[in-house]
2 protein chains.
Amino acid sequence: MTSNACLLRENGMEPTDARLRILEALSGQHIALRAQDILKALRANGPFDKVTLYRTLEAFAERSIVQRHCAGDRTYRYCMPAPDEGMHSHFYCTRCGNMACLTGQHEPGMGILRPMDAAPLPGRLQAVEIRLDGICDACLSRQG
Amino acid sequence: MTSNACLLRENGMEPTDARLRILEALSGQHIALRAQDILKALRANGPFDKVTLYRTLEAFAERSIVQRHCAGDRTYRYCMPAPDEGMHSHFYCTRCGNMACLTGQHEPGMGILRPMDAAPLPGRLQAVEIRLDGICDACLSRQG
DNA sequence: CTGTGAATGCAACCCAGTTGCACCACCAAC
DNA sequence: GTTGGTGGTGCAACTGGGTTGCATTCACAG
Ligand SMILES: [Mn+2]
Ligand SMILES: [Mn+2]
Ligand SMILES: [Zn+2]
Ligand SMILES: [Zn+2]
């Protein structure tokens, strides 16, 4: 029994082949992947249906098995949080679209996240998304 | 000469009727609007072309006349920063999609934004996007 | 006037993500 | 064993926010 299979069982999902393959593609990554990136990786070892992927990713995100983030280009990116780690933030390269996971979690409710805002929030906070935008080192070295 | 016309001139844009109408729709809002929200408001006082709106909003965003943000539902929201204010963050209601602008700017490079991350960034930072997700007061009062 | 570039309008297109529905495997009840 | 329900997958069609191409109009300098 792999740890991914356990993860699925803990979340009330059968560890099917498709699900395990998707988790495998996401495990150990330090960047957040587009659905299409994942699809391409999956299809390197056999056919895989697009809709199954999208539906599975959505189910994973609902159960917090993966994190789903909206990048600056309006496409979702998916990544697996490190074990026992909460939300983490990302560095998004506006030139190449690469979205690196940053180490160190951040927590909803941390006062320091809104240093200059004394007013109460206009609702019940559930999650905090922090995205750092810029040019990644690879793009910088390619052309400054 | 309205202040919006000045704003356009300062950014090298002719203050055309279409542009002024768009800025007018965004001025004084305390929420970030979808393109479609803006279009609906514009069409309340006469016809307005969808493509002109999108192109104009893009030109405004490039010149930082408006801020463009990607909400959790993968649609862009547009808002005008208060005068002399930099980037600000938003509260996004995952139930109704309303995206409230939060008062108080945040600055790229503030150390406090990444409290638990000592590692250097994997690139050159240009902007910081902070989105607080949750359920807004209106939705809470409607059904908890 | 007249030429030039900027701005606008309309139609067609793009494409990540979604929906509908058929199919299949599995298991439990009859 | 047959039936019926459930969960997962596959294929095709669809959605809709946003974009592109291109023709037309406008502003204004020469
Ligand atoms: Mn990540
Ligand atoms: Mn705003
Ligand atoms: Zn890059
Ligand atoms: Zn709401």
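Chain naming here is simple, since letters A, B, ... match the order of the sequence lines and numbering starts at 1 in each.
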(request) Considering only NZ, NE, NH1 and NH2 on the basic side and carboxylate oxygens on the acidic side, decide whether B/Arg131 and B/Asp133 come within less than 4.0 Å. (result) yes

(message) What is the distance, to the nearest angstrom, from the CG atom on B/Asp49 to the C1' atom on D/dA23?
(response) 13 Å

(message) Whole angstroms only, please: what is the CG-C1' distance between B/Asp17 and C/dA7?
(response) 12 Å

(request) Kindly state which residues belonging to residues 37-47 of chain B come within less than 4.0 angstrom of DNA chain C, counting heavy atoms of the residue only, listed by number. (result) none

(request) Kindly work out whether a path of hydrophobic side-chain contacts (I/L/V/M/F/W/Y, heavy atoms less than 4.5 Å apart) joins A/Leu42 to A/Tyr54. (result) no

(message) On DNA chain C, compare the nucleotides closest to B/Arg74 and B/Met13; which residue's is nearer the 5' end?
(response) B/Met13

(request) Give the nucleotide from the list C/dA16, D/dT9, D/dG17 with an atom nearest to the side chain of A/Ala18. (result) D/dT9

(message) Expressed as a whole number of angstroms, how long is the span from A/Asp73:CG to D/dG17:P?
(response) 18 Å

(message) Could you go through B/Thr75 and B/Asp73, starting from their C-alpha distance and side-chain angles, then the distance that decides it, and tell me whether this counts as side chain to side chain donor-acceptor pair (under 3.5 Å)?
(response) CA-CA 6 Å; B/Thr75 64; B/Asp73 61 0; 2.9 Å; yes

(request) Please name the pair of heavy atoms, one in B/Ile135 and one in A/Gln126, separated by the smallest distance, quoted to 0.1 Å. (result) CG1-NE2, 3.6 Å

(request) May I ask you to decide if B/Glu14's main-chain N or O and B/Arg19's side chain share a donor-acceptor pair within less than 3.5 Å? (result) yes

(request) Treat each ILVMFWY residue as a node, draw an edge where side-chain heavy atoms are under 4.5 Å apart, and state whether B/Leu102 and B/Ile31 are in one component. (result) no

(request) Taking the side chain as every heavy atom from C-beta outward, state whether B/Leu7 and B/Arg63 have any atom pair closer than 4.5 Å. (result) no

(message) If I compare all heavy atoms of B/Cys93 with all of B/Cys136, which pair ends up nearest, and what's the gap?
(response) SG-N, 3.4 Å

(request) Please tell me which of the listed nucleotides, D/dG10, C/dC10, D/dC28, lies nearest to the side chain of B/Glu14? (result) D/dC28

(message) Looking at B/Asp49 and B/Val51, would you say the former's side chain and the latter's main chain have a donor-acceptor pair under 3.5 Å?
(response) yes

(message) If you take any heavy atom closer than 4.0 Å to DNA chain C, which residues from residues 50-62 of chain A end up in contact?
(response) A/Lys50, A/Val51, A/Tyr54, A/Arg55

(request) Give the rounded distance in Å between these two atoms: CD1 of B/Ile22 and P of C/dG9. (result) 10 Å

(message) With a 4.0 Å limit, can you tell me whether A/Arg34 has a side-chain N or O closer than that to the phosphate oxygens OP1/OP2 of C/dA16?
(response) no

(message) Counting only side-chain heavy atoms from C-beta out, which of C/dT8, C/dA16, D/dG8 sits nearest to A/Gln36?
(response) C/dA16

